[in-house]
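In what follows, a single structure is set out as structure tokens and then discussed.
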Amino acid sequence: MQNNSQLRKKYPSPVRKKRKRRSIIGTLFFLFIITGICAGCYASYYLKEPRNFWEGLIPIPEGNTVSVVIENGMTASQAARAFEFQGALEKGSPAELSKWMVKFGIDKKIRAGHYIVVPSDPWNLARQLRTARPALLKAQILPGIDAFTLIESLESQDEKLTRKNICEALLRDSNYPPKMLELIKDLPNDEYTRVAFLMPETYMLIDRTADEVVSTSANSWWRTWGEFITEHNLTSKDIFDAAVIASMVEREVLHDDESRKIAGVIHNRLRKNMLLQIDATVVYAWRLKGRKLTRVLYRDLEIDSPYNTYKNAGLPPRPICIPGADAWNAALDPEDNEYLYYVAGKSGYHYFAKTHKEHQKNIKDARKE
């Protein structure tokens, strides 16, 4: 005969059935709530909302950095692909990075330059970009330096700038604005000529390559002088002669306010078929032979070179350096004067004379300073 407990198990009462059903429903509801909470947390983490909570909870990554170059005119999606290609994007896609850039409002603020970032997932990379400031690389071209010194100077500024690729960049036509190229394409096609058409400045570049340096400085030169050249219908010969004269003025003048006056002297001597007798051309002649002069002596004037303006009439065959703005101004618009001679005093300013007799007196006066 079955006891009561056995009978209750075999024939449960309606009350017990109802309690059991409620217990199951409660358990399922609890599991549903927990699942919802977990799903919400995951969604919150994935979407990083609320933003302040996740920003405060997860610090911006630290560690080894990489440099990523973003070029001018890149859209957010193009920049995102650049970050991926250059090793800054981990565990995510460029599309996700682009989405975060838009969400953070930096998609239209991204600027060209070098970004130093810690390789990260899209969210953390975008967080870095909110405060990152692009770095630009400095390249300096000084007025008065010749092609040799320019190459040496650029080589010292970046290991990517070598003699070979600098010379190739100077001769590469695509580095010059089209209208400028039309003007200089008939000129001697060598680096000694083309350096004269670089604008000496300190440039901040996205990428410090030889092509970038030449292209940027050549475009700067054309922006400065292109309108003047066009308005005055200057020919290739006009601009070449101006480049040679400007290079001599640059090396002869210490004080810029004398530039136009000395350019006037050069023009006057050329019109009279007089030897220019400019020491700077002699210094350059010796430079071509591998010797650097700091002072020109009488014996140095005997050098056999087409650049020796003490022996050869007319202009030297090439510019002797990179002229600065004042020297170019002087060469393109020389002072209208009657001077044929000048000599430098100790102050660097010159004494000017119309006759040889006056010049001899000026030499004595200059020595007395």
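These numbers come from a predicted model, not from an experiment. Side chains included, hydrogens not; waters and symmetry mates left out as well; all remaining heavy atoms used.
Taking every heavy atom of both residues into account, V66 and G87 meet most closely at CG2-O, 4.2 Å. For the pair V68 and A88, the tightest heavy-atom approach, listed with the atom from each and the gap, is CG2-CB, 3.7 Å. Between P143 and P200, the shortest heavy-atom distance links the atoms N-CB, 3.5 Å. In terms of heavy-atom proximity, L276 sits nearest to G314 at CD1-O, 3.6 Å. Looking at every heavy atom in both residues, A366 comes nearest to V343 through CB-CG1, 4.3 Å. Across every non-hydrogen atom of D190 and R318, the tightest pair is OD2-NE, 2.8 Å.
Looking at S247, its side chain never comes within 3.5 Å of a backbone N or O of P323 through a donor-acceptor pair. Side chain of Q86 to main chain of V69: a donor-acceptor pair is present (N/O by atom type, distance under 3.5 Å, no hydrogens or angles). Side chain of H267 to backbone of D336: no donor-acceptor contact under 3.5 angstrom is found. Put simply, the side chain of W286 gets close to the backbone of D300: a donor and an acceptor are under 3.5 Å apart. Listed for the E250 side chain is a donor-acceptor partner under 3.5 Å among the backbone atoms of G324. Listed for the S98 side chain is no donor-acceptor partner under 3.5 Å among the backbone atoms of A80. Without hydrogens or angle criteria, D333 side chain to A330 main chain gives no donor-acceptor distance under 3.5 Å. Judged purely by atom type and a 3.5 angstrom limit, R269 uses its side chain to pair as donor or acceptor with the backbone of L340. Between the D238 side chain and the T235 main chain, a donor and an acceptor come within less than 3.5 Å of each other. Judged by distance alone, the side chain of E258 and the main-chain N or O of H255 form no donor-acceptor pair under 3.5 Å.
Within a 6.0 Å sphere centred on CD of Q360, other residues, nucleotides and ligands contribute more than 12 heavy atoms. The number of heavy-atom neighbours closer than 6.0 Å to CD of E231, taken from other residues, nucleotides and ligands shown, is above 12. Dense packing is recorded around CD of Q140, with more than 12 heavy atoms of other residues, nucleotides or ligands lying under 6.0 Å away. Within 6.0 Å of CZ on F228 lie more than 12 heavy atoms contributed by other residues, nucleotides or ligands.
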* What do the steps show when you test F240 against T193 for side chain to side chain contact (heavy atoms under 4.5 Å, CB included), and what is the final call? -> CA-CA 9 Å; F240 180 70; T193 298; 3.9 Å; yes
* To do: Could you please spell out the steps behind the side chain to side chain contact (heavy atoms under 4.5 Å, CB included) verdict for E90 and L125?
  => CA-CA 9 Å; E90 295 180 344; L125 185 52; over 6 Å; no
* Walk me through it: do N219 and Y176 pass the test side-chain hydrogen bond (donor to acceptor under 3.5 Å, both in side chains)? => CA-CA 7 Å; N219 275 275; Y176 299 86; over 6 Å; no
* Hey, mind stepping through M199 and W225 against side chain to side chain contact (heavy atoms under 4.5 Å, CB included) and telling me if it holds? -> CA-CA 10 Å; M199 194 68 182; W225 307 115; 4.1 Å; yes
* Are I278 and I266 close enough, and set up right, to give a side chain to side chain contact (heavy atoms under 4.5 Å, CB included), and what steps lead you there? -> CA-CA 9 Å; I278 291 178; I266 293 172; 3.9 Å; yes
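With contacts defined as side-chain heavy-atom distances shorter than 4.5 Å, the pair L137/I206 does not qualify. Side-chain contact between F197 and L183: absent, with no pair of heavy atoms (C-beta onward) separated by less than 4.5 Å. No side-chain heavy atom of V117 sits less than 4.5 Å from a side-chain heavy atom of T65. Here the side chains of F83 and Y115 are in contact, with some heavy-atom distance below 4.5 Å. Using a 4.5 Å cut-off on side-chain heavy atoms (C-beta onward), K185 and D173 make no contact. Between L154 and V213, the closest side-chain pair of non-hydrogen atoms falls below 4.5 Å. A heavy-atom distance below 4.5 Å is found between the side chains of I184 and R194. The shortest distance between side-chain heavy atoms of V283 and I320 does not fall below 4.5 Å.
Taking CZ from R291 and CD1 from I303, the interatomic distance works out to 8.0 Å, rounded to the nearest 0.5 Å. Atoms CG and NE2, from N362 and H356 in turn, are 11.0 Å apart once rounded to the nearest 0.5 Å. Taken to the nearest 0.5 Å, the OG atom of S217 stands 8.0 Å off from the CG atom of L170. The structure places OH of Y307 at 6.0 Å from CG of L288, a figure rounded to the nearest 0.5 Å. Atom CE of M101 is separated from atom OG1 of T75 by 8.5 Å, given to the nearest 0.5 angstrom. From L315, atom CG reaches atom CE of M248 across 5.0 Å, with rounding to the nearest 0.5 Å.
No chain of hydrophobic side-chain contacts below 4.5 Å, direct or via other Ile, Leu, Val, Met, Phe, Trp or Tyr residues, connects Y203 to I70. V102 and W100 fall into different hydrophobic clusters, where Ile, Leu, Val, Met, Phe, Trp and Tyr residues are linked whenever their side-chain heavy atoms come under 4.5 Å apart, directly or through other members. Grouping the Ile, Leu, Val, Met, Phe, Trp and Tyr side chains by contacts below 4.5 angstrom, directly or via other members, places V296 with Y298. Hydrophobic clustering (side-chain heavy atoms under 4.5 Å, transitive across Ile, Leu, Val, Met, Phe, Trp, Tyr) keeps I116 apart from L89. The hydrophobic cluster containing V244 also contains L187, counting ILVMFWY residues as joined when their side-chain heavy atoms lie under 4.5 angstrom apart, directly or transitively.
Remark: R223 fails to qualify as a cation-pi partner of W221 under the 6.0 Å distance and 45° angle criteria applied to the six-membered ring.
Comment: K164 engages E168 in a salt bridge, judged by a side-chain N to carboxylate O separation of less than 4.0 angstrom. A salt bridge links R172 with D211: the distance from a Lys NZ or Arg NE/NH1/NH2 to an Asp or Glu carboxylate oxygen falls below 4.0 Å. Between D304 and K311 there is no salt bridge, since none of the side-chain N atoms of the basic residue sits less than 4.0 Å from a carboxylate O of the acidic one. Look at K160 and D207 and you find a salt bridge, because one of the NZ, NE, NH1 or NH2 atoms lies within 4.0 Å of a carboxylate O, short of that distance. A salt bridge links K237 to D241: at least one charged side-chain nitrogen sits closer than 4.0 Å to a carboxylate oxygen.
Between Y284 and F148, the two ring planes are tilted [angle within 30° to 60°]. Below 30°, between 30° and 60°, or above 60°: for Y342 and H350 the angle between ring planes is above 60°, a perpendicular geometry. Between Y339 and F352, the two ring planes are tilted [angle within 30° to 60°]. Between H359 and Y341, the angle of the ring planes stays under 30°, which puts this pair in the parallel group of the 30/60° scheme.
A donor-acceptor contact closer than 3.5 angstrom is absent between the side chains of S305 and N308. Between the side chains of Y192 and D146, no donor-acceptor pair is found at a separation under 3.5 Å. Side-chain contact, D121 with N124: a donor N or O sits under 3.5 Å from an acceptor N or O. Inspection of the Q128 and S120 side chains reveals an N or O donor paired with an N or O acceptor under 3.5 Å. Side chains of E152 and S156: a donor-acceptor N/O pair is absent below 3.5 angstrom, by distance only. The closest side-chain donor-acceptor pair between T309 and Q277, if any, does not fall under 3.5 angstrom.
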